[in-house]
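Quick caveat, the model's predicted, so the values are computed rather than measured.
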Number of protein chains: 2
Amino acid sequence: MENKRELFQILTRRFGILNKNCCAGDDIEISTVHSHILYEIDKQHIPTMQQIADTLAIDVTTFSRQIQTLIKMNLVSKSPSSDDKRFYVLTLTNEGHNMAQSVESSMNSYLNEVFSHMNEFEQETVLRSIKLLNNAMAKSSVCCTPLI
Amino acid sequence: MENKRELFQILTRRFGILNKNCCAGDDIEISTVHSHILYEIDKQHIPTMQQIADTLAIDVTTFSRQIQTLIKMNLVSKSPSSDDKRFYVLTLTNEGHNMAQSVESSMNSYLNEVFSHMNEFEQETVLRSIKLLNNAMAKSSVCCTPLI
DNA sequence: TCTTTTATTTGTAAAATGCAAGTATATATT
DNA sequence: AATATATACTTGCATTTTACAAATAAAAGA
């Protein structure tokens, strides 16, 4: 049987390509990394800089600059936390939220197209498997230990 | 049910993190992109520059420079094709082959660890699902059309 | 022979990255 | 309270990565 690595290598490479083309909004375009940042800010409840950087395994200093870019693009806003002024909390602007939605729906329609090449049963099995895999990774010591 | 995108987002992000830590050989360390290049040169039979660049969806000009780096690191060698001198064919050096092996075994042991958190049946199901998914992606019009 | 196509490289300029060192705020120690 | 230490984030570099446009070089077509 083919080894695991080959299967995953191909899968993630392809998903990466999907992700690359995902990120055109109404008028502006953003990078894959930026789309992940928007995604996580949307998902986590008023996160701090550190939280998102950790989740995405991005160096904080790099992340700091990425946020600066996203703020300039008017997609993200950053405000000092009231109880501890060392922290900054991140939120999406309306524009950022729209962009996140736009990426979300592009990705979902891409994935629906991909899934359309499988029958109902296969689709179910695949989704269940991805969940199993995500859970296994969450338990793993070699992967993603401090991550959500 | 959670949407597909979320499941895939998390999966591929985690796999990306695995990949990041994968690439330490005996003494030198390489980037994820470089490890993918070595992987593909090893897999494809005496490929040309263009072939690998296309497979990995990397811009050829960027790829040209990446190969230059890998040659300097003595992991790859490049020679003009005898029948058509516009082409250059790529091969791994012994050192490059060792590196590819080393990455391969790191990745497989990471993945084995991840899989150890599932039972036999789940493991089978997951592997079968990844294959299904790869086939579906290969048929897809939105993903990876010119790719293997 | 002359033009066009194909494979690859270089020029240049922008963006992404990450370490070391900085600032600013909070907590711990004395 | 004063000083030291820790934490969250930013900036200064210096390197690496990226990609468009233009160049080179070889093959194929007219």
Side-chain angles (χ1 to χ4, degrees), chain A residues 13 16-17 19-24 28-38 40-41 44-73 75-91 146, chain B residues 13 16-17 19-24 28-38 40-41 44-73 75-91 146:
Chain A
R13 183 187 300 157
I17 293 168
N19 245 321
K20 239 184 204 168
N21 305 335
C22 76
C23 307
I28 33 174
E29 213 169 303
I30 59 174
S31 69
T32 305
V33 174
H34 284 169
S35 81
H36 276 247
I37 294 173
L38 296 187
E40 279 302 324
I41 294 177
Q44 295 184 30
H45 182 60
I46 317 183
T48 66
M49 306 268 295
Q50 195 77 247
Q51 277 169 32
I52 302 289
D54 285 349
T55 305
L56 298 175
I58 301 173
D59 183 279
V60 254
T61 74
T62 301
F63 185 71
S64 171
R65 281 180 251 253
Q66 281 164 341
I67 288 295
Q68 285 168 31
T69 307
L70 288 168
I71 289 172
K72 261 183 220 140
M73 293 168 88
L75 297 172
V76 166
S77 84
K78 189 180 85 171
S79 47
S81 166
S82 46
D83 36 312
D84 187 332
K85 283 175 188 169
R86 288 172 302 180
F87 291 88
Y88 284 86
V89 294
L90 301 170
T91 47
Chain B
R13 184 187 299 156
I17 293 168
N19 246 319
K20 239 184 205 167
N21 305 335
C22 76
C23 307
I28 34 173
E29 214 168 302
I30 59 175
S31 70
T32 306
V33 174
H34 284 170
S35 81
H36 277 247
I37 293 173
L38 296 186
E40 279 301 325
I41 293 177
Q44 295 183 30
H45 183 60
I46 317 182
T48 66
M49 307 267 296
Q50 194 76 247
Q51 276 169 33
I52 303 290
D54 285 349
T55 305
L56 298 175
I58 301 173
D59 184 279
V60 254
T61 74
T62 302
F63 184 72
S64 172
R65 279 182 249 254
Q66 280 163 340
I67 287 294
Q68 286 168 30
T69 308
L70 289 167
I71 288 171
K72 262 183 218 138
M73 293 168 88
L75 297 172
V76 166
S77 84
K78 189 180 86 171
S79 48
S81 166
S82 46
D83 36 313
D84 187 331
K85 284 175 186 166
R86 286 172 303 180
F87 291 89
Y88 284 86
V89 294
L90 302 170
T91 47

Can you tell me how far [atom2] of [N] sits from [atom1] of [X], to the nearest Å?
X: A:Ile71; N: D:dC9; atom1: CD1; atom2: C1'; answer: 12 Å
X: B:Phe63; N: C:dT6; atom1: CZ; atom2: P; answer: 20 Å
X: B:Gln51; N: C:dT8; atom1: CD; atom2: C1'; answer: 14 Å
X: B:Gln50; N: D:dA26; atom1: CD; atom2: P; answer: 18 Å
X: B:Leu90; N: C:dA7; atom1: CG; atom2: P; answer: 14 Å
X: A:Ile52; N: D:dC9; atom1: CD1; atom2: P; answer: 11 Å
X: B:Ile67; N: C:dA7; atom1: CD1; atom2: P; answer: 16 Å
X: A:Met73; N: C:dA15; atom1: CE; atom2: C1'; answer: 12 Å

How many angstroms lie between [atom1] in [X] and [atom2] in [Y], if you round to the nearest 0.5 Å?
X: A:Met49; Y: A:Ile67; atom1: CE; atom2: CD1; value: 5.5 Å
X: B:Ser35; Y: B:Glu40; atom1: OG; atom2: CD; value: 10.5 Å
X: A:Phe87; Y: A:Gln51; atom1: CZ; atom2: CD; value: 8.0 Å
X: A:Ile71; Y: A:Leu90; atom1: CD1; atom2: CG; value: 7.5 Å
X: A:Leu75; Y: A:Thr91; atom1: CG; atom2: OG1; value: 11.5 Å
X: B:Ser64; Y: B:Asp59; atom1: OG; atom2: CG; value: 10.0 Å

Shortest non-hydrogen contact between A:Thr69 and A:His34, atoms and distance |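 Smallest interatomic distance, heavy atoms only, reads CG2-CE1, 4.0 Å.
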Which atom names give the shortest non-hydrogen contact between B:Ile37 and B:Ile52, and what distance separates them?
-> CG2-CG2, 4.5 Å
Between the protein and nucleotides 25-28 of chain C, list every N/O to N/O distance that falls short of 3.5 Å.
| unit_1 | atom_1 | unit_2 | atom_2 | d |
| --- | --- | --- | --- | --- |
| C:dA26 | OP1 | A:Lys85 | N | 3.2 |
| C:dA26 | O4' | A:Arg86 | NE | 3.4 |

Think B:Gln68 has a side-chain N or O under 4.0 angstrom from the OP1 or OP2 of C:dT10?
->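 For C:dT10, OP1 or OP2 has a side-chain N or O of B:Gln68 closer than 4.0 Å.
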Under 4.0 Å protein heavy-atom contacts per nucleotide of nucleotides 16-23 of chain D, with B for base, S for backbone only and - for none | --SBBB--
Result of checking A:His36, A:Gln50, A:Gln44 against A:Thr55 for side-chain hydrogen bond (donor to acceptor under 3.5 Å, both in side chains) =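 For A:Thr55, the side-chain hydrogen bond (donor to acceptor under 3.5 Å, both in side chains) test succeeds with only one of A:His36, A:Gln50, A:Gln44, which is A:Gln44.
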